Amino acid sequence: MSAASAKILQEELEKKNVTLVAVSKTKPAQMIQELYDVGIKDFGENRPQEMAEKYELLAKDIKWHMIGNLQKNKVKYIAPFVHLIHSVTSAALLKTINKEAAKNERDIDVLIQIKIAEEDSKSGLDIEEAKELIKEINEGIYPHVNVRGYMGMATFTDDKDQVRSEFKELKSTGDTLAQLLGQNENYSDSDPVLSMGMSGDYKIAIEEGANMVRIGSLLFGSR
Ligand SMILES: *Cc1c(COP(=O)(O)O)cnc(C)c1O
């Protein structure tokens, strides 16, 4: 897709209050620059070192989104500048993010990743595990982390009904969890982020309540 078409897509999404995260993993900085030049500022990466390298090369007002499985020992590469970590799947990871945020004298925004897909390869917490984590968060033991909402990935399938029902599940899980989190006044200052939908399923995701979509191959071509 050309940069001009990407801009049109972003504007269409904006009208629906949906944030476009352009997933630039494996793609060169030059391609990010082309989208940046038409006003796209949110980019998603799944490797900490790759994100850090691109951060160094590109404009400092880019909002970098960490979207992949994140190893604890790599949080340090992105902690100084990352805008939003979509992929919190354990208390141990949250603890590391909190520690690295403190070292950098900042707070880091995160999403809790919920498992909705059938595939074992897709990670995330189930609702009970997520409730446990939010209870801990509400106890105030991660003061440098702000939970902004929820992320999930649907099963990779042509079965649109299945994809839709998985997104519905994430939306209702997110609503339940948001209520729990909302009991903590530190976290109720904005609507929860619901990050769901990729190139192949973002339209369904938006119909089911996504307000952030993560689109890679549609924008940048296949990887
Ligand atoms: C790669 C990736 C995307 C983007 O996928 P496309 O199908 O290329 O749009 C979105 N979310 C996550 C978590 C990813 O790893």
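Computed from a prediction, not measured in an experiment: that's the story for all the values here. Whatever order the structure lists them in is the order used to number ligands and atoms, beginning at 1.
- In R164, the CZ atom is crowded: over 12 heavy atoms of neighbouring residues, nucleotides or ligands sit closer than 6.0 Å.
- Remark: H86 pairs with H65 by the ring-ring contact (aromatic ring centres under 6.0 Å, His included) rule, at least two apart or across chains.
- Residue contact annotation: N46 has no non-hydrogen atom under 4.0 Å from ligand 1.
- Not one N or O of M153 is nearer than 3.5 Å to an N or O of ligand 1, by distance alone.
- Counting only distance, with no hydrogens or angles, the side chain of T173 and the backbone of I127 share no donor-acceptor pair below 3.5 Å.
- Contact annotation: L218 has no heavy atom less than 4.0 Å from any atom of ligand 1.
- Closest protein heavy atom to atom 2 (C) of ligand 1: K25 NZ, 2.6 Å.
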Using a 3.5 Å cut-off and no angle test, enumerate the donor-acceptor pairs between side-chain atoms of residues 6-21 and protein atoms at least two apart in sequence or in another chain.
residue, atom, partner, partner atom, Å
K7, NZ, Q10, OE1, 2.8
K7, NZ, V38, O, 3.4

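- Judged by distance alone, with hydrogens and angles left aside, the side-chain atoms of K54 form a donor-acceptor pair with the main-chain N or O of K27 at under 3.5 Å.
- Protein heavy atom in closest approach to atom 9 (O) of ligand 1: S199 OG, 2.5 Å.
- Annotation for ligand 1: atoms under 4.0 Å from non-hydrogen atoms of R214 are 4 (C), 9 (O), 10 (C), 11 (N), 12 (C), 13 (C).
- Below 30°, between 30° and 60°, or above 60°: for Y55 and F81 the angle between ring planes is below 30°, a parallel geometry.
- Atom 12 (C) of ligand 1 has its closest protein heavy atom at I67 CD1, 3.5 Å.
- Taking 4.0 Å as the cut-off between side-chain N and carboxylate O, D126 and K115 do not count as a salt-bridged pair.
- Residues T89 and S123 have side chains that never bring a donor and an acceptor to within less than 3.5 angstrom of each other.
- Short contacts between ligand 1 and I215, defined as distances under 4.0 Å to a heavy atom of the residue, involve ligand atoms 9 (O).
- Looking at atom 5 (O) of ligand 1, its nearest protein heavy atom turns out to be M198 CE, 3.5 Å.
- At least one heavy atom of R223 lies less than 4.0 angstrom from ligand 1.
- Every atom of ligand 1 with a heavy atom of M151 under 4.0 Å away is listed here by number and element: 13 (C).
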